[in-house]
Amino acid sequence: MSFRCQKCNEVQVDGTKETKVVTEVRKVIYPTVKDSYGKYRTPEGFETVKELTVCPECATHKFTTTIVDLKVIEGEVE
Ligand SMILES: [Zn+2]
């Protein structure tokens, strides 16, 4: 299936491998948990906000990933 590269805007020929590049993420802070040692820790992670589908040529370029949002998931600490 062909696709259009979202960086150079070229329509790619059938069979071209598409690469997903994450350009925007949201930082997620999860509820604080108590680990097996009895220590409290607050896990953090990232969720994809925006990703581009690019051709192999563009995939070799350097992309910057921007943190655009912060989500705090509330929870009870046991
Ligand atoms: Zn491209």
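None of these values were measured; they are calculated from a predicted model. When a ligand or atom number is given, it counts from 1 through the structure's own listing order.
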- Task: Could you pull out the N/O/S protein atoms under 2.8 Å of the Zn ion (ligand 1), ignoring any water?
- Result: Cys5 SG, Cys8 SG, Cys55 SG, Cys58 SG
- Query: If we only count heavy atoms from C-beta on, is the Phe46 to Val28 side-chain gap below 4.5 Å?
  - Reply: no
- Pair Glu47 + Lys71, salt bridge at N-O below 4.0 Å: yes
- Task: With rounding to the nearest 0.5 Å, note down the distance linking OG1 in Thr53 to CD in Gln6.
- Result: 4.5 Å
- Would you say the side-chain atoms of Asp69 pair up with the backbone N or O of Arg26, donor to acceptor, closer than 3.5 Å? no
- Interatomic spacing from CD in Glu74 to OG1 in Thr32 - rounded to 0.5 Å: 9.5 Å
- What is the minimum heavy-atom distance between Val25 and Val22, and which atoms define it? CG1-CG1, 3.5 Å
